[in-house]
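Some notes on the structure that comes next.
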Amino acid sequence: MSIKKKLISSLLPILMPVLLGGCVSDAASGAPAVLDTEEETADLISIGFSQLGAESDWRSANTQSMLESFTEEYGYSMIYENGQQKQSYQITALRSFIQQEVDYIALAPVTESGWDGVLQEAKDAGIPVILVDRRVDSDKSLYTCWLGSDFELESRKLCEWLDSYVNAKGMSSSDINIIHIQGTMGSTAQIGRSRGLANSAREKGWNILGQMSGDFTQTKGREVTAAYLKRFLDVNVVYCENDNEAIGAIEAIEAAGKTAGPDIDKGDILVLSFDGTAEGAKELAKEGKIAAIAECNPLHGPKVRALIEAIEAGESVEKFNYVDERIFSSLPEVSEVYVEGVLYPVEDVE
Ligand code: GZL
Ligand code: ZN
């Protein structure tokens with residue numbers, strides 16, 4: 001129940017008798033009257049959740065985590081809307097939540113720009129907005145807080161892994177020829193994972209032969225990789241911005257008669273990925289067809305609920321809240337990566 005509703009409902013039992021001309025305490029004994037109000041039917045907190053789509057295994061896990069974290073037994077009623085990766089659908093969903101006077105809005109925005117108007121409407125309606133997973137470029141005053149990943153850190157971990165692996169294989173950075181399959185353009189995950197690769201490639205001296213969006217899907221990941229393999233015969237690394245693109249890329253590599261594998265010094269193509277959610281991708285990583293995965297943790301539900309509970313309790317919450325994430329590989333050459341002064345162990349694929 002929102003703070004507003006809680007206040008009214010807590011005052012009601014006291015005000016009601018007065019309002020009805022009764023008195024708050026029993027005149028004879030002076031003891032406070034035991035108001036026989038109905039057993040307080042726990043008034044559920046309503047939350048509208050605008051999810052951006054269902055494009056990937058990560059997204060499905062994220063949706064599942066949110067839905068199972070906001071059930072009646074936790075005291076919530078959730079309205080879930082799938083935006084099908086269209087911002088206009090998400091904005092329509094937010095407007096319907098505002099119309100229904102939900103207590104909270106959770107928004108996983110497909111891309112960062114274009115939210116100022118509807119976020120202002122939510123603010124004017126007094127409905128706190130919690131951003132989940134990706135961010136918006138709107139003014140920070142238009143949302144209560146955000147929970148998600150440090151996408152550029154995910155990328156730096158994977159790039160440090162690649163740098164160590166190339167050295168372990170006795171190759172030089174100038175031998176590295178990367179095709180870069182980007183995520184949904186303009187999404188926070190794509191922005192961070194692309195910036196991380198661009199900075200690392202420049203610092204290490206890798207070659208990026210081409211980059212194009214695979215929209216975080218297997219189909220487009222396969223199509224873009226197939227097109228690039230026709231154009232560039234010396235590709236030896238495919239950097240995919242999520243598991244589903246990596247699965248598609250490996251299909252394209254094998255369809256082209258090449259090998260996705262660890263022996264980059266013997267003509268294999270090394271595939272790198274993000275998420276570590278899709279079972280298929282974890283299997284491929286166990287086989288070494290995906291060389292390393294930077295984990296992207298989709299299980300935001302319990303953390304979003306904890307944020308709302310803190311807000312309900314009148315506590316202040318951090319504006320930006322990060323989830324912890326690991327790096328996985330089944331290849332033995334690299335046991336840890338060092339990024340901005342922090343050591344991250346490379347964990348075996350689960
Ligand atoms: C990252 C998330 C990305 C995943 C993709 O937090 O926004 O979107 O990495 C998903 O799998 O489609
Ligand atoms: Zn992440």
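Keep in mind it's a predicted model, so treat the numbers as computed, not measured. We count ligands from 1, going down the list as the structure has it; atoms in each ligand are counted the same way.
- Between W58 and H300, the two ring planes are perpendicular [angle over 60°; tilted spans 30° to 60°].
- With respect to K169 and D263, a salt bridge is recorded, a charged nitrogen being found less than 4.0 Å from a carboxylate O.
- Proximity to C296 (heavy-atom distance under 4.0 Å) selects the following atoms of ligand 1: 1 (C), 6 (O).
- The hydrophobic cluster around L343 extends to Y338, counting ILVMFWY residues whose side-chain heavy atoms fall within less than 4.5 Å of a member.
- Between R134 and E112 there is no salt bridge, since none of the side-chain N atoms of the basic residue sits less than 4.0 Å from a carboxylate O of the acidic one.
- Only side-chain heavy atoms of R193 come within less than 4.0 Å of ligand 1; its backbone N, CA, C and O stay farther off.
- Residue F216 has at least one heavy-atom neighbour below 4.0 Å for each of these atoms of ligand 1: 5 (C), 8 (O), 12 (O).
- Taking the ring centroids of F274 and F216, they lie at or beyond the 6.0 Å cut-off.
- Considering both main-chain and side-chain atoms, S149 never comes within under 3.5 Å of ligand 1 through any nitrogen or oxygen pair.
- When each atom of ligand 1 is checked for a heavy atom of E55 under 4.0 Å away, the hits are 8 (O), 10 (C), 12 (O).
- For ligand 1, the atoms sitting less than 4.0 Å from at least one non-hydrogen atom of S56 are 5 (C), 10 (C), 11 (O), 12 (O), numbered in the order shown with element in parentheses.
- Scored by the side-chain hydrogen bond (donor to acceptor under 3.5 Å, both in side chains) test, E223 finds no partners at all (sequence neighbours excluded).
- Close contacts between ligand 1 and D133 involve ligand atoms 1 (C), 2 (C), 6 (O), 7 (O) [criterion: under 4.0 Å to a heavy atom].
- Note on R95 versus E121: salt bridge recorded, some NZ/NE/NH1/NH2 to OD/OE distance being below 4.0 Å.
- Considering backbone and side-chain N/O atoms, E241 never comes within less than 3.5 Å of an N/O atom of ligand 1.
- Neither the backbone nor the side chain of F274 comes within contact range of ligand 1; no heavy atom lies under 4.0 Å.
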